[in-house]
Amino acid sequence: MRLLFIHSDHLEFEAREQAGPDDLAEQEGVPMDGRMEECVTAFISVESDDETDLDGVVANATDELRDVTGQLNTNRVVLYPYAHLSEDLANPDAAKTVMRNLESELEADGFEILRAPFGWYKSFEVSCKGHPLSELSRHVSAHRDEEASGEAGAGEPDREPSEWLIMFPDGSTEDAVAAKEAVSDDMRAFVEDEVEDVVASPGEEPPHVELMQEKSLVGYDDLSDVGNLRWYPRGKLVRDSLMEYVNDLVVDYGGMPVETPIMYDLGARPIDEHAGKFGERQYRFESGDRRMMLRFAACFGQFSIMRDMHIAASDLPLRIYEMSTYSFRREQKGEVTGLKRLRSFTMPDMHTATADMDGARDELMQQAKLSLRTSDDLGLDYQPALRMTREFYEDNEAWVAEVVAELDKPALVEIIPERHHYWSAKIDFAAIDGLGRPIENPTVQIDVESAERFDITYTDEEGSHHPPILHYSPSGGIERVVAALLEETATMDTPRFPTWLSPTQVRLIPVGEEHVEYCDELVDDFAAADVRADVDDRSETVGKRIARAETDWVPYYAVVGDRELDSGTLGVNVRAEDEEVDMTPADLREHVREETEGLPRKRRYLPKHVGDHPSFTGR
């Protein structure tokens, strides 16, 4: 289906003459003339491909209309059949069915609908408002490709189904469903979601959605598009720390940081072809006379850099890396969920050119192992899924077993009958949320198309070659990492972040005003040692301030009174152990430094005194 949306001051039409025989033109149940003010006019061509699943194309077209009208803040829609948008039209009966069902679906959703009749030549007058979103076009199919950089769906409808196995570290395999009882609860949940299509806890909101707001980490902004979030100081510190962590990890591995544009020209053949591999969930717009799109990852920019380089064989493997702070994916409005599914997100993205498939396999192995290091540093238990074509699996079965042995945990293996994407093999890692649903995070993919598509070559003594290229995100989208961390806390008896990610690592609670100065001095000492500490100086009871430290998930806090001043020792509550331990301030400082050794140590983002912390939630 092709759609052209016009945000209209008004649309007025009148049916003048039948375009065909009586059985083609609608005669009843639809007006022969009409006018609607302040509306979205949807010009619609139903195409032959839509006939395979009329209900599916109606559902997806309804989603598009909800999305567009939501952006334009109106519920008034004109449905106008318009054959001129396509040269591959559906038969008239199918087209009429789609138009009627689309009208019914939208009316059931509370929309005010004016539908023009099918099969008539009509005069019409439309007044376009003329702002940047007043003219939008969409191509809707009955099914959508779920593929996205590092966030891929595995299979597609109307294709031979995949074979699913569980491979164990000893190299043995078993049917994935049959092996469910032999694996962990998290892997069992992964199998149920991926293989059996079981929706865990349908209709329930993941715990992190409430936690991200309750803990003043992340919030919604009704002045922006859905799926674009605002970060408060506590959440921004966590996000910035994760970004620094991934940057350091990749640079230590050999990735060379670059920065590339966030928008690309769809008129360029390689851009249009590669964008087509990712389905239709893209932000597209007009810039002058150019059709543009906002990137969904850093692929385009990094491929452009590689294309313009002179790459020698001695340069390989060549690793180009970007923390793509702004990447975009136009998820359907009803699918946007907290930090798990967004329209704007932060994606660490590295692309590695290798000399040949042997080099690509070696890089995938090393990058997969690096991903497991992130699971250790973050305290997350990732479940691996290896996905590959049957041809790749049969040619590399021993190597696949070697990868699983290196991961040292059972892995879900998907064997795809034939290649439909740019990759021939990849590995994804998923954390399982508090409802038993996967949050896919790190990914490594072997891309066997893009070098040729973008004309990326390297030279050796034998001439010029197109290299296999790996797509790699060592953590996955940063927002999804935060979601996984919050989901993990929801399963803990005493919820907490890793100390290196805690917005406040040490909190001091002075008994009286006379103890504040000493606490301030200690906090300054901690800050000099890159330990984030603050003082709860508020005129609340000690009990209420202890409760605040617990609510803020502070990993170490101590009450400071006369005894502590005199003895120079603190009774430190250790959140991870749920116990109090006597330490000197110097001991506590060194303990935190040892715990965060080799990890980012951002400075405090909020004032030293808790009494100066503003409330970012609530009005």
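A heavy-atom distance below 4.5 Å is not found between the side chains of Pro257 and Asn247. When side chains are defined from C-beta on, Ile6 counts as touching Glu135, because their heavy atoms get closer than 4.5 Å. In this structure, the side chains of Thr354 and Leu316 stay at 4.5 Å or more apart for every pair of heavy atoms. Here the side chains of Lys369 and Met365 are in contact, with some heavy-atom distance below 4.5 Å. Residues Asp408 and Leu372 are not in side-chain contact: their nearest non-hydrogen atoms beyond the backbone lie 4.5 Å or more apart. Using a 4.5 Å heavy-atom cutoff, the side chains of Gln383 and Glu194 are not in contact. Side-chain contact between Pro348 and Tyr321: present, with at least one pair of heavy atoms (C-beta onward) separated by less than 4.5 Å. In this structure, Thr337 and Pro206 have side chains that are in contact, with non-hydrogen atoms separated by less than 4.5 Å.
The shortest heavy-atom contact between Ile456 and Ile311 is CG2-CD1, 4.4 Å. Of all heavy-atom pairs spanning Val444 and Ala368, the tightest one is CG2-N, 4.1 Å. Listed here is the closest heavy atom pair of Ala425 and Met388: CB-CB, 3.9 Å.
With Ser615 contributing its side chain and Thr617 its backbone, the two residues share a donor-acceptor pair below 3.5 Å. At least one donor-acceptor pair under 3.5 Å links the side chain of Asp433 to the backbone N or O of Leu435. Put simply, the side chain of Gln505 gets close to the backbone of Arg532: a donor and an acceptor are under 3.5 Å apart. Although no hydrogens or angles enter the test, the distance criterion places no donor-acceptor pair under 3.5 Å between the side chain of Tyr232 and the main chain of Lys215. Within the 3.5 Å criterion, the main-chain N or O of Arg453 finds no donor-acceptor partner in the side chain of Glu273. With hydrogens and angles disregarded, a donor-acceptor distance shorter than 3.5 Å links the side chain of Arg437 to the backbone of Ala200. Within the 3.5 Å criterion, the main-chain N or O of Gly301 finds no donor-acceptor partner in the side chain of Glu322. Here the side chain of Trp500 pairs a donor or acceptor atom with the backbone of Asp377 at under 3.5 angstrom. Judged by distance alone, with hydrogens and angles left aside, the side-chain atoms of Gln213 form a donor-acceptor pair with the main-chain N or O of Val209 at under 3.5 Å. His208 places no side-chain N or O within donor-acceptor distance of the main-chain N or O of Gly338, the cut-off being under 3.5 Å.
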Test side chain to side chain contact (heavy atoms under 4.5 Å, CB included) on Leu370 and Leu249 and set out the steps. CA-CA 8 Å; Leu370 195 61; Leu249 193 75; 3.9 Å; yes
Between His466 and Asp455, is a side chain to side chain contact (heavy atoms under 4.5 Å, CB included) present by the stated rule, with each step listed? CA-CA 8 Å; His466 294 298; Asp455 196 25; 3.9 Å; yes
Set out, in order, the CA-CA distance, both residues' side-chain angles and the distance that settles side-chain hydrogen bond (donor to acceptor under 3.5 Å, both in side chains) for Asp428 and Thr443, then state yes or no. CA-CA 4 Å; Asp428 300 324; Thr443 187; 2.6 Å; yes
Using side chain to side chain contact (heavy atoms under 4.5 Å, CB included), reason through Thr504 and Asp552 one step at a time and then give a plain yes or no. CA-CA 8 Å; Thr504 297; Asp552 287 347; over 6 Å; no
Please evaluate residues Glu550 and Arg575 with respect to the criterion side chain to side chain contact (heavy atoms under 4.5 Å, CB included), reporting the C-alpha separation (whole Å), side-chain torsions for both, the decisive distance (0.1 Å), and the verdict. CA-CA 8 Å; Glu550 295 281 357; Arg575 186 171 182 81; 2.5 Å; yes
Begin from the C-alpha positions of Glu440 and Lys426 and carry the test salt bridge (Lys or Arg N to Asp or Glu O under 4.0 Å) through to its verdict. CA-CA 13 Å; Glu440 292 185 6; Lys426 68 171 182 169; 5.8 Å; no
Step by step, would you call Arg295 with Ser324 a side-chain hydrogen bond (donor to acceptor under 3.5 Å, both in side chains)? CA-CA 9 Å; Arg295 67 181 180 188; Ser324 59; 4.6 Å; no
Show the numbers, then the answer: is there a side-chain hydrogen bond (donor to acceptor under 3.5 Å, both in side chains) between Thr374 and Tyr245? CA-CA 9 Å; Thr374 71; Tyr245 165 76; 5.2 Å; no
Criterion salt bridge (Lys or Arg N to Asp or Glu O under 4.0 Å) on Arg589 and Asp525, from CA distance to verdict: CA-CA 9 Å; Arg589 183 177 64 241; Asp525 289 341; 5.1 Å; no
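Note: His274 and Tyr422 have tilted aromatic rings, judged against thresholds of 30 and 60 degrees for the angle between ring planes. Aromatic ring orientation, Tyr382 versus Phe429: tilted (interplanar angle from 30° to 60°). Ring planes of His131 and His7: perpendicular class, angle over 60° (limits at 30 and 60°).
Using a 4.0 Å cut-off between charged nitrogen and carboxylate oxygen, Asp225 and Arg330 do not count as a salt-bridge pair. Salt-bridge annotation for Arg66 and Asp63: present, with a side-chain N of the basic residue lying under 4.0 Å from a carboxylate O of the acidic one. A salt bridge is absent between Lys608 and Asp612: the closest approach of a Lys/Arg side-chain nitrogen to an acidic carboxylate oxygen does not fall below 4.0 angstrom. At a threshold of 4.0 Å, the pair Glu479-Arg329 does not count as salt-bridged, since none of the basic side-chain nitrogens sits closer than that to a carboxylate oxygen. The pair Lys340-Glu487 does not count as a salt bridge, with every side-chain nitrogen at least 4.0 angstrom from each carboxylate oxygen. No salt bridge links Lys409 with Asp186; every basic N to acidic carboxylate O contact stays at or beyond 4.0 Å.
With sequence neighbours left out, the side chain to side chain donor-acceptor pair (under 3.5 Å) criterion links Ser502 to no other residue. Partners of Ser304 under the side chain to side chain donor-acceptor pair (under 3.5 Å) rule, at least two apart in sequence or in another chain, are Arg307. With sequence neighbours left out, the salt bridge (charged side-chain N to carboxylate O under 4.0 Å, His left out) criterion links Glu488 to no other residue. Annotation: side chain to side chain donor-acceptor pair (under 3.5 Å) contacts of Glu452 (sequence neighbours excluded): none. Take Tyr605 and apply the side chain to side chain donor-acceptor pair (under 3.5 Å) test, not counting sequence neighbours, and it matches Asp240.
Remark: Leu380 CG to Ile432 CD1 distance equals 11.0 Å, nearest 0.5 Å.
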Please table the atom pairs, donor to acceptor, closer than 3.5 Å between any side-chain atom in residues 594-601 and protein atoms at least two apart or in another chain.
unit_1 : atom_1 : unit_2 : atom_2 : d
Glu595 : OE1    : Tyr556 : OH     : 2.5
Glu595 : OE2    : Thr499 : OG1    : 2.7
Thr596 : OG1    : Val592 : O      : 2.9
Thr596 : OG1    : Arg593 : O      : 3.4
Thr596 : OG1    : Arg601 : NE     : 3.2
Arg601 : NH2    : Arg593 : O      : 2.6

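Exactly one residue among Val218, Leu486, Ile478, Val482 makes a side chain to side chain contact (heavy atoms under 4.5 Å, CB included) with Val238. That residue is Val482. Checked against Thr352 for a side-chain hydrogen bond (donor to acceptor under 3.5 Å, both in side chains), the options His471, Gln367, Gln366, Arg319 give a single hit: Gln367.
For Asp221, the CG atom sits in a packed shell: over 12 heavy atoms of surrounding residues, nucleotides or ligands are nearer than 6.0 Å.
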